Structure formats: C-alpha cells, structure tokens
Amino acid sequence: MSETRTFHLPLLQASQAQKHVTVNEALVRLDGLAQITLQSRGLSTPPASSSDGDCYALPMGCSEDWEGQDGLLALASNGGWIFVAPMNGWSAWLVDEHSRATYLQGSWQSGVLAAAPNGAAARFDVLEVEHEIVAGGAQAVGLDIPSDSVIFACSARVVEAIEGTVSSWALDLNSGGILFGTGMGLEAESYCTGILGQPTAIYSPKSVRVVPEGGNFAGGKLKIAAHVYRIALPS
C-alpha cells in the first residue's frame, strides 16, 4: 500500500530516502482536502498565480498544466500541481460562487440536501442577481425560476435608491401572478423578505420582475434572490 484510500496521502516506505518530501506532500494534500475550499469549478486552464493549497475542481477540456486531468481536483503545491480524484459525498465551499457543493455522479452539484445511489437528489438553491433599474414601468430583472421547482421566497434589497415618480415598488413573477411583496421603500437598504404564505410549484420557467407603484421608475439598483427547492431525476 503506497497511499491512503480517501485522500490518497502518500505513505512512507521502509528505508525510504528523502522522507520529508513524502511527508510534506501528504501534509499539503491533507491541508487542502480536509476542509475543501474550491476556488472555482469552471476554470479549464491554470490561473496566472496561485498560493500553495489553493484547490480547483477541473471541468472537461482542460489544457496547459491541467491537460488530461479533467474531473480531478488540482492542488497548488510548490509551484506545481497535485491532482486528486474526488469521491462521491465530498462537500466543498465554492469561493467564486459563494455556495456549497457536493460531489455526486461525476460532478460538483450545488445545493444538494440528499441524494440516492442512482442520482436522484433533493436540492435547495439560492439564485441571485443584481439589477440596474431602467426608466419606465415593470421590468424583468434577469432572474429566472427553473421549471419543476418549488419557490419559497424571493428576497431583495435596495442597493442604490430607487428614483422616479414611484411611491413604492413590488416584486412578482412575469407570469403566474405570484406576488412576493408590495409597498416596499425606495431608499438604499430598504428590503423585501418575500416569504410566500405557502410554497408554490413552478411547472414552466418564470421570470422575476420589479413593478413600480404610483408612477414610473427613473433609476436605482436592486439585489434580488430567489429561494428555490429543486429535484434531480434518477439516472
């Protein structure tokens, strides 16, 4: 046996020379994998610079120093890379996406609450956008609720004061008539919690929109998030 089963930590061999090299590599792997923080799961080429211990989940089609390592984890170490195969059930924090992901069926999946052996899964996602309000009336914010999901809430915060002839604003879906809140304030830091009285099933994709009340918009900025439960079918 030359390495451990889970983290593939290299083991010292009898009468081995340069033992510190093996020990140091094992420590780097342990430090990077015991509480995994993935810098990204979308980069297909190594970053221009990295610090020892930085970890990346490699997608398909990698090149340069990551060529041929698709699907593995790449750990920065001493100016190079250590590659480790993830195992089903590993959990990691995605730094660039501000979310947690679980490794299942060959990919890192965000929001997973539970999963079955054949790929069926329950997940809870928070989908977020920042919307620059344009002059005029009701407008889609670029936040789409996927089909076959259940929505619990749609929250929002005013980042830059909302301007125009409006007295307040509302948040709803472009179709379906689901209202997340009305009469919200215009000043920065005003907010909408948007918790629905009961979870609502969404069977076809729908778009979130912001609606002016008492006039028209002239400008402003919002951060908006949809809080959604989704399922994955068995493979």
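This is a predicted model, so every value here is computed, not measured.
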Side-chain donor/acceptor of [X] to backbone N/O of [Y], under 3.5 Å:
X	Y	value
Asp70	Gly61	yes
Ser40	Gly42	yes
Gln139	Ile133	no

Co-membership, hydrophobic cluster, residues Val211 and Leu196, 4.5 Å side-chain: no

task: Is it possible for you to say whether Ile82 and Met87 belong to one hydrophobic cluster, with membership spreading through side-chain heavy-atom contacts below 4.5 Å?
output: yes

If you compare all heavy atoms of [X] against all heavy atoms of [Y], which two are closest, and at what distance to 0.1 Å?
X	Y	answer
Gly106	Asn88	N-OD1, 4.4 Å
Pro212	Ala138	CD-N, 3.4 Å
Val158	Leu186	CG1-O, 3.7 Å
Cys192	Gly181	SG-CA, 4.3 Å

query: What salt bridge (Lys or Arg N to Asp or Glu O under 4.0 Å) pairs are there with at least one residue in residues 92-118, not counting sequence neighbours?
result: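 Checked against salt bridge (Lys or Arg N to Asp or Glu O under 4.0 Å) - neighbours excluded - the pairs reaching residues 92-118 are Arg41-Glu97.
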
- request: For Ser50, check side-chain hydrogen bond (donor to acceptor under 3.5 Å, both in side chains) against everything at least two apart and list the hits.
  value: none

For Ser155, all residues meeting side-chain hydrogen bond (donor to acceptor under 3.5 Å, both in side chains), sequence neighbours excluded: His227

Not counting sequence neighbours, which residues clear salt bridge (Lys or Arg N to Asp or Glu O under 4.0 Å) with [X]? List them please.
X	value
Glu189	Arg157
Arg123	none
Glu160	Lys221
Asp172	Arg209

Rounded to the nearest 0.5 Å, how far apart are [atom1] of [X] and [atom2] of [Y]?
X	Y	atom1	atom2	answer
Leu222	Leu143	CG	CG	11.5 Å
Cys55	Ile36	SG	CD1	6.0 Å
Gln69	Glu67	CD	CD	9.5 Å

field: Crowding at CG, Asn78 (>12 non-hydrogen neighbours, <6.0 Å)
entry: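 It does not: Asn78 CG has 12 such atoms or fewer within range.
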
My understanding is that a hydrophobic cluster links ILVMFWY residues whose side chain heavy atoms are under 4.5 Å apart, including indirect links. Using that, what else belongs to the cluster containing [X]?
X	answer
Leu104	Val112
Trp66	Leu43, Tyr56, Leu58, Leu72, Trp81, Phe83
Trp93	Val95

field: Polar side chain donor-acceptor pair, Glu213 to Ser168, under 3.5 angstrom
entry: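 There is such a pair between these side chains.
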
query: Hey, are Thr165 and Asn216 close enough side-chain-wise for a donor-acceptor pair under 3.5 Å?
result: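 Short answer, no.
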
- prompt: Does the side chain of Ser207 come within less than 4.5 Å of Asp144's, by heavy atoms?
  reply: yes

message: Is there a side-chain contact between Thr45 and Cys62 in this structure, where contact means two heavy atoms from C-beta onward sitting under 4.5 Å apart?
response: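 Not touching, per the 4.5 Å side-chain cut-off.
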
Pairwise ring pair (Phe, Tyr, Trp, His ring centres under 6.0 Å) hits with a residue in residues 120-142, at least two apart: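 As it turns out, the ring pair (Phe, Tyr, Trp, His ring centres under 6.0 Å) pairs with a partner in residues 120-142, which skip direct neighbours, are Phe124-Phe152.
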
- prompt: According to the ring pair (Phe, Tyr, Trp, His ring centres under 6.0 Å) rule, which pairs have a member within residues 194-226, sequence neighbours left out?
  reply: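 Applying ring pair (Phe, Tyr, Trp, His ring centres under 6.0 Å) to every pair that reaches into residues 194-226, excluding sequence neighbours, yields nothing.
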
